[in-house]
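Input: a single structure, listed below in structure tokens.
Chain identifiers are assigned alphabetically (A, B, ...) following the order of the sequence lines, protein sequences preceding nucleic acid strands; residue numbering begins at 1 within each chain. Please read these numbers as outputs of a predicted model, since none were measured by experiment.
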Amino acid sequence: MRLAVLIIAAVLVVGAGLAIVRSMWGMRAPVSRGASSSTETLWLILPLVMSIALVAWTASVMP
Amino acid sequence: MDGIGDAVSTATAGAVARPTGIVRDLVTLTKPRIISLLLVTTVCAMFAAEQGVPNGWLVLWTVVGGYLSAGGSNTINQVVDRDIDAVMGRTDRRPIVAGRISPVAALAYGIALVVVSVLVLGFLATWLAAALSLVGVVLYVGLYTLWLKRTTIHNIVIGGAAGAIPPLVGWAAVTGDITFGAVLLFAIVFVWTPPHFWALALMLRTDYSQAGVPMLPVVYGEHATRVQVLLWTIVMLGTTLLPYAAGAGVVYLVGALVLGLPFLGMAVMLWRDDRSRPWAAITFHYSLLYLALLFVVIAVDAAL
């Protein structure tokens with residue numbers, strides 16, 4: 001049961017996370033002088049990387 | 001530096017500021033309504049960390065320290081953002097903008113609240129809780145307010161880390177350390193933040209545009225924002241399933257689904273409806289109730 005829930009969670013988190021990156025990939029142009037396209041890319045990808053890491057961490061501590 | 005009392009100016013020429021008005025303004029600066037939700041996540045995280053009912057005095061002092069820390073952050077935020085607040089209808093009557101409290105005095109007040117919060121949490125809870133609360137202040141004031149808010153459409157995504165610190169403070173107050181369970185609670189608040197704030201931004205798009213804040217609906221429009229609200233709600237729903245996979249009880253799983261599926265339904269309606277304002281308001285208000293109830297479920301499941 002817990003494994004099934006983990007798989008569903010992983011599909012939701014990673015799938016939607018990838019969709020977020022894909023849908024916002026064209027929005028990386030800086031919107032102010034304090035921003036750059038590299039920082040915009042970092043802010044876009046960082047949450048996805050953290051989410052994938054969290055799913056992997058959860059899998060490693062499953063009872 | 002001006003004293004707090006010196007800085008409280010009269011709202012109308014010749015009038016004398018009443019003590020009750022000063023106190024009200026000092027409380028208003030801390031944004032008590034926002035803090036109440038943060039403290040729900042803090043206290044419920046303490047139940048999860050304890051796997052039962054935590055010590056009442058510890059809860060009390062953690063709540064006091066948490067309020068002072070968040071209140072100090074919110075006060076400093078209003079000092080920095082007073083130019084933005086002045087042109088937004090939602091915020092143009094705040095004490096600093098209205099001239100009832102000077103920016104210098106408010107800054108001193110905010111810093112004092114933060115210092116006291118660190119001492120309260122450090123001496124009466126744990127020093128890790130105190131350090132984490134200080135990290136929250138730095139993230140909110142330094143990362144979000146001073147940097148991200150005015151420079152990127154991802155401001156509330158990355159800046160959401162500040163709002164996700166309170167559960168870590170509660171957890172650290174009980175256990176003195178941060179383990180996987182605490183990280184999960186942090187992650188839940190972190191991924192809840194984008195759909196919550198972008199729903200609000202859809203409602204206040206004109207205000208944010210006038211103030212020059214690059215919120216997503218201002219820069220890329222309402223459709224792009226509605227898509228992101230839906231996608232982040234899916235990420236949030238998936239993230240809230242992880243605690244069950246990691247060992248939480250069936251009570252938690254049922255609660256997470258019963259609360260999360262309506263949130264997803266609202267996000268779908270918001271995404272489908274071009275006249276997004278009503279659904280944005282519904283989604284925003286439900287998101288507040290959702291987070292509070294989800295953390296209550298976390299506490300109940302841990303205490304059973």
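Closest approach of A:A9 and B:G238 over heavy atoms only: CB-O, 3.3 Å. Counting all heavy atoms, side chain and backbone alike, B:F190 lies closest to A:P47 at CE2-CB, 4.3 Å. Considering every non-hydrogen atom in both A:S23 and B:L231, the closest pair reads OG-CD1, 3.8 Å.
The shortest side-chain heavy-atom distance between A:M1 and B:V250 does not fall under the 4.5 Å cut-off.
With a threshold of 4.5 angstrom between heavy atoms, B:W232 approaches chain A through its backbone and through its side chain. Heavy atoms of B:A256 lying under 4.5 Å from chain A are absent altogether. There is no contact between B:L230 and chain A, counting heavy-atom distances below 4.5 Å. Looking at A:L3, neither its backbone nor its side chain comes within 4.5 Å of chain B, counting heavy atoms on both sides. The parts of B:Y244 that come within reach of chain A are both its backbone and its side chain, each placing non-hydrogen atoms under 4.5 angstrom from that chain.
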Please evaluate residues A:L54 and B:L242 with respect to the criterion side-chain contact (heavy atoms from CB on, under 4.5 Å), reporting the C-alpha separation (whole Å), side-chain torsions for both, the decisive distance (0.1 Å), and the verdict. CA-CA 9 Å; A:L54 189 66; B:L242 293 177; 3.8 Å; yes

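The candidate with the highest count of non-hydrogen atom pairs below 4.5 Å against chain A, out of B:I234, B:T240, B:T151, B:T233, is B:T151. Looking only at heavy-atom pairs under 4.5 Å with chain B, the residue among A:M62, A:M50, A:M24 that has the most is A:M24. Considering only heavy-atom pairs separated by less than 4.5 Å from chain B, the leading option among A:V31, A:V61, A:L46 is A:V31. Comparing A:L6, A:V5, A:V11 by how many heavy-atom pairs each has under 4.5 Å with chain B, the most go to A:V5.
Just one of A:M27, A:E40, A:R28 meets the side chain to side chain contact (heavy atoms under 4.5 Å, CB included) condition when paired with B:H154; it is A:E40. A side chain to side chain contact (heavy atoms under 4.5 Å, CB included) with A:T58 is found for exactly one of B:T239, B:L241, B:L184, B:V183, namely B:L184.
Rounding to the nearest 0.5 Å gives a distance of 8.0 Å between CH2 of A:W43 and OG1 of B:T152.
Counting heavy-atom neighbours within 6.0 Å of B:F197 CZ, excluding the residue itself, gives a total of 12 or less.
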